[in-house]
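Here the structure comes first, spelled out in structure tokens, and everything after it is commentary.
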There are 2 protein chains.
Amino acid sequence: MSKIHHPTDKAPSPDLFGGQRLSAARRRIAAAVPSIGGAFTAEDLHEVVSAGDGPGIGVATVYRAVSAMTAAGSLAAVGARDGSTLYALCTGGEHHHHLVCTGCGIVVGIGCPIDGALRRSAEEAGYTVTSHEVTLYGLCRACAKERA
Amino acid sequence: MSKIHHPTDKAPSPDLFGGQRLSAARRRIAAAVPSIGGAFTAEDLHEVVSAGDGPGIGVATVYRAVSAMTAAGSLAAVGARDGSTLYALCTGGEHHHHLVCTGCGIVVGIGCPIDGALRRSAEEAGYTVTSHEVTLYGLCRACAKERA
DNA sequence: GACCTTACTGAGAATGATTATCAGATGCAG
DNA sequence: CTGCATCTGATAATCATTCTCAGTAAGGTC
């Protein structure tokens, strides 16, 4: 056996909670998020972690975990579906936005289109821009092909 | 008294409902929207039209009116405050987005920053962009000065 | 390893925005 | 003027999300 712990021995569920306390429930949630592979609602996530054998995870716990991961920057809200907020795994620390496939829910990051010119023109109008939201919606190659 | 009805005698409440049936309640709502002068929730609008003397307007009617105006393109959702959707008067037919003052709620239109380059890079990644949402948040000159 | 503090959990109730229902009123075309 | 489709309003219903609170357990400390 090795003298050191290989961090990759177990499922490498990344630290989506940003240093907060890591319980069994949160470990299961952190493992479930990447398995979804696209945008999801809190209720979607709750169903995934509650599926299968063991004891379920309370819906409040899932909502709290989503809040914690969003606060940690691991998740981002990427719009809404029906009345529910859509979230997606948010990789990398770079400033970016999201492009969501309305067919399958897959999400990719895109660069920020808010450039100096737009910001300057806002400031000429007297505004100080403090934050912004950009989300693109479309179809990925597979979903576009499917509808053709 | 004049022999003819001057259409401008009354408040020139614009046709925010896009040709749908115009009832007394909708007239009052259409008049109230510009008087708010910024972003508002459905509940805000309901309070404005219900203030004063006459009979109030049901909250369901206000929600229906907001939906109708949004469908007609006269209103646009410009984010959320607490749990409620924020709407703003959406003038002009040009494609544009919104810059919302988080201090006082005033909204101004801004040009669309989604240019050909961004769209092209999305398409190189296999995506067909069908729609997008852009909202900037900031402070107007008055609110920025107030906090200095 | 035992202990302690404090954050996390889970079930259910509570909250709050939005929508559905339905009988009655009313705009508007013919 | 009449007919009817649409709109209204009160209320109930729905549904996502948050709160409450007692119990559990993570993780640091000795």
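The figures that follow rest on heavy atoms only: side chains count, while hydrogens, waters and symmetry mates do not.
In this structure, the nucleotide among D:dT17, C:dG10, D:dC7 sitting nearest to the side chain of A:Thr85 is D:dT17. When distances are taken from the side chain of B:Ala60 to each of C:dT9, C:dA20, C:dG10, the shortest belongs to C:dA20. For B:Arg21, the listed nucleotide lying nearest its side chain is D:dC7; candidates were C:dA7, D:dC7, D:dG9. Looking at the side chain of B:Thr61, the nearest of the listed nucleotides D:dG9, D:dC7, C:dG10 is D:dG9. Listed nucleotides D:dG9, C:dC28, D:dT17 differ in distance to A:Tyr63; the shortest reach to its side chain belongs to D:dT17.
Between A:Leu22 atom CG and C:dT6 atom P the separation is 20 Å, expressed in whole Å. Atom pair A:Phe17:CZ and D:dG27:C1' shows a separation of 17 Å (rounding to whole Å applied). The distance between atom CD of A:Glu47 and atom P of D:dC15, rounded to the nearest whole Å, is 14 Å.
For D:dA25, neither phosphate oxygen OP1 nor OP2 lies less than 4.0 angstrom from any side-chain nitrogen or oxygen of A:Ser23. Regarding contacts with the backbone of C:dA7, every side-chain N or O of A:Gln20 stays at 4.0 angstrom or more from both OP1 and OP2.
Nearer to the 5' terminus of DNA chain C, by closest-nucleotide assignment, is the contact made by A:Val62 (compared with the other of A:Val62 and B:Gly83). Ranked by how close their nearest DNA chain D nucleotide is to the 5' end, A:Ser84 and B:Ala65 are led by B:Ala65.
Atoms CD1 and CZ, on B:Ile110 and A:Arg119 in that order, are 10.5 Å from each other to the nearest 0.5 Å.
By the 4.0 Å N-to-carboxylate-O rule, A:Arg81 lies close enough to A:Asp44 to be salt-bridged with it. Between A:Asp15 and A:Arg26 there is no salt bridge, since no side-chain N of the basic residue sits under 4.0 Å from a carboxylate O of the acidic one.
One donor-acceptor pair, N or O on each side, does fall under 3.5 Å between the base of C:dG10 and the side chain of A:Arg64.
Note: B:His95 and B:His132 meet the aromatic proximity criterion, with ring centroids under 6.0 Å apart.
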